[in-house]
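Within every chain, numbering begins at 1; the chains are lettered A, B, ... in the order of the sequence lines, protein sequences first and strands thereafter.
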Protein chains: 2
Amino acid sequence: MMKPYILIVEDEAALITLLHYNLEKEGFEVGEAVDGEEALFMIRERRPDLVVLDWMLPSLSGIEVCRRIRRMPEHKNLPIIMLTARGEETDRIRGLDSGADDYVVKPFSPSELVARIKAVLRRLRPALSEESISYSDLRMDLAAHKVTRDGAAIHLGPTEFRLLRHFLEHPGRVFSREQLLDAVWGQDVYVESRTVDVHVRRLRQALNAGGRADLIRTVRSAGYALDASES
Amino acid sequence: MMKPYILIVEDEAALITLLHYNLEKEGFEVGEAVDGEEALFMIRERRPDLVVLDWMLPSLSGIEVCRRIRRMPEHKNLPIIMLTARGEETDRIRGLDSGADDYVVKPFSPSELVARIKAVLRRLRPALSEESISYSDLRMDLAAHKVTRDGAAIHLGPTEFRLLRHFLEHPGRVFSREQLLDAVWGQDVYVESRTVDVHVRRLRQALNAGGRADLIRTVRSAGYALDASES
DNA sequence: CTCGGCTGTCACGTAACTGTAACGGAAGCG
DNA sequence: CGCTTCCGTTACAGTTACGTGACAGCCGAG
């Protein structure tokens, strides 16, 4: 499994160091930002999987950052955990209202934050915490890096494997070629968007070997989706 | 969201009672079947959202039921959770390969089963909880790019899809051809206004396939509107 | 080095989709 | 009732987007 990338937005240096250390120990990749502007920049550039956001920030308040994130089309669903000082109960409400997925009250133990992060990731990206993903008669074993369909082993190249995995993590959902390039190839690699077509074909060829039904739906002028329903 | 309907397939009466009680407490609707034949019948008749399937069953084994479900075109994606006795490790593999989405080892606590059920529902049917627009018996799933009427899938071309989406976002409202061109085609594209008529026809044809009532109302010398009411 | 697997790109064919025109019928209007 | 306007319907040619096979470059294993 690829490491989830967590962005910490916090202006206290000591707290950053502490969290950074603890999150990396738990197998996360960690990034830092010290104010709201930098946070928004990092979100656009590094596309974190989750943001830990301090309530009190210089330049832009945490709540404002939260609102702006929710207005970015690319990052509307980015999970956010807010850090708030003790007893700011009304703030808590406003925090959740402004779009945070969870909140942690200071002072807190690092392990509590880790637990919350895992919970939120599990909830919003269920497949991240599973060791195997299945859909219809398809099964992907993440640990063993193996794929079977109806029990029969299927060999996939690395790219096809990541592609299928991405589809399995969001079954039914349509992705444009650009989205797939970002998610599967990485945001800093430039390849032709038609390349996606070729890999989708190779994936199809592998999955449908033996005359099985096609599991990937083409949505003309929109992209592809994993979809077992017959057309 | 409507209550998910869970079908329990289990031959031990005591276990059924226990599960029935606990699942209802959690806000699920619950149905029961005591053997494989009854299970398949119930699936066709009641169309459950998820099946909890015992491995050992009279008349038809759980695994066989599982396979048959996966071969029903209507229910290929029906989530299945298998109940298996402790230590049947090879069975577990075979269970997943035959198409189960998860498994729970006996003995288990009801709350564990509930957690698994919720996890599977979240994972396998994200579209239900995501953004979708519906009107009358019509439903448009934006993430999956799918349209259904009365449960039946409907195929639309890209333009018809955008057109219907625009109507669904403003149900009942009448749009002139020019307004539709601006909204659906874009302000900077010039096409004949009569082109709208053709696409409206194509949309109607797709939506009304099978002798259903027309959902698009023509307003003479004004335009079109989405409208379920009869005149 | 050589080989085989994997990747990205291209070119070509084709199926799906699009816009326009043309015809006929329905609706308004005197 | 005749005329006009507007709309439904069909057909068709042009365009677009996708599927497919081929191929050269890359890279690590042997």
Side-chain angles (χ1 to χ4, degrees), chain A residues 145 147 153-166 174-209 211-227 231, chain B residues 145 147 153-166 174-209 211-227 231:
Chain A
H145 236 255
V147 177
I154 289 175
H155 176 73
L156 296 179
T159 306
E160 281 74 38
F161 188 87
R162 290 199 308 275
L163 182 59
L164 176 58
R165 178 175 173 182
H166 184 71
V174 175
F175 293 99
S176 71
R177 293 172 175 71
E178 285 69 26
Q179 287 176 312
L180 290 172
L181 286 176
D182 279 358
V184 177
W185 276 257
Q187 50 267 13
D188 32 42
V189 193
Y190 180 73
V191 287
E192 289 290 323
S193 69
R194 285 299 312 273
T195 301
V196 175
D197 295 30
V198 178
H199 283 276
V200 165
R201 158 157 169 73
R202 287 170 183 159
L203 180 55
R204 274 181 169 146
Q205 203 164 281
L207 295 183
N208 306 344
R212 298 170 188 280
D214 195 357
L215 284 176
I216 298 178
R217 179 167 55 109
T218 303
V219 181
R220 188 168 234 262
S221 80
Y224 298 97
L226 184 67
D227 188 353
S231 58
Chain B
H145 248 259
V147 177
I154 291 176
H155 178 74
L156 297 179
T159 306
E160 282 75 35
F161 189 88
R162 291 199 308 274
L163 182 59
L164 176 59
R165 176 175 176 178
H166 187 253
V174 178
F175 293 99
S176 70
R177 293 172 175 71
E178 285 70 25
Q179 286 176 312
L180 290 172
L181 285 176
D182 279 357
V184 177
W185 276 257
Q187 284 98 344
D188 31 45
V189 197
Y190 181 72
V191 288
E192 290 290 323
S193 70
R194 287 299 313 272
T195 300
V196 174
D197 296 31
V198 177
H199 282 278
V200 165
R201 155 150 171 78
R202 286 170 183 158
L203 181 55
R204 274 180 168 147
Q205 197 165 270
L207 295 183
N208 306 344
R212 298 168 190 280
D214 194 358
L215 285 176
I216 298 177
R217 181 164 50 104
T218 304
V219 182
R220 192 179 169 86
S221 76
Y224 298 96
L226 184 67
D227 187 357
S231 57

It should be established whether R204(B) places a side-chain nitrogen or oxygen under 4.0 Å from OP1 or OP2 of nucleotide dG8(D). yes

Roughly how many Å is it from NE2 in H199(B) to P in dT9(D), rounded to a whole number? 15 Å

Distance check: side-chain N/O of R177(B) vs OP1/OP2 of dC7(D), anything under 4.0 Å? yes

If I take atom CG in residue D197(A) and atom C1' in nucleotide dT14(C), what distance separates them, rounded to the nearest angstrom? 15 Å

Please tell me if the side chains of Y224(A) and V196(A) come closer than 4.5 Å, counting only heavy atoms from C-beta onward. yes

Strictly below 4.0 Å: does T218(A) bring a side-chain N or O up to OP1 or OP2 of dG19(D)? yes

Closest non-hydrogen atom pair, R212(B) against L207(B): CD-O, 3.7 Å

Would you kindly give the CD-to-P distance between Q205(B) and dT18(C), to the nearest whole Å? 14 Å

Calculate the interatomic distance between L181(A) atom CG and dT7(C) atom C1'; express it in whole Å. 13 Å

Side-chain N or O of W185(B) less than 4.0 angstrom from OP1 or OP2 on dG19(C)? yes

Take the protein atom CZ of F161(B) and the nucleotide atom C1' of dT18(C), then report the distance between them rounded to whole Å. 18 Å

Can you find a side chain N or O atom of T195(B) that sits less than 4.0 Å from OP1 or OP2 on dT20(C)? yes

Could you tell me whether the phosphate oxygens of dT16(D), OP1 or OP2, come under 4.0 Å of any side-chain nitrogen or oxygen in S221(A)? no

Can you find a donor-acceptor N/O pair under 3.5 angstrom joining the side chain of R220(B) to the base of dG8(D)? no

May I ask you to verify whether the side chain of R194(A) and the base of dG19(D) hold a donor-acceptor pair under 3.5 Å? yes

When you compare the side chain of L181(A) with that of V189(A), does any pair of heavy atoms fall below 4.5 Å? no

Does the plane of the ring in H145(B) sit parallel, tilted or perpendicular to the ring in F161(B)? Use 30° and 60° as the thresholds. parallel

F175(B) CZ to dC7(D) C1', in whole Å, measures 20 Å

Check: R204(A)/T218(A) side-chain N/O donor and acceptor closer than 3.5 Å: yes

Measure from CG on L180(B) to P on dC7(D) and round the result to the nearest Å. 12 Å

Look at all strands and tell whether V189(B) reaches a base, only sugar-phosphate, or nothing, counting heavy atoms closer than 4.0 Å. nothing

Starting at atom CD1 of I216(A), determine the distance to atom P of dC18(D), rounded to an integer number of angstrom. 14 Å

Sugar-phosphate only, base, or nothing, as touched by V200(B) at under 4.0 Å among non-hydrogen atoms: nothing

Is the distance from OP1 or OP2 of dT20(D) to the nearest side-chain N or O of R201(A) less than 4.0 Å? yes

Does OP1 or OP2 of dG19(D) have a side-chain N or O of Y224(A) closer than 4.0 Å? yes

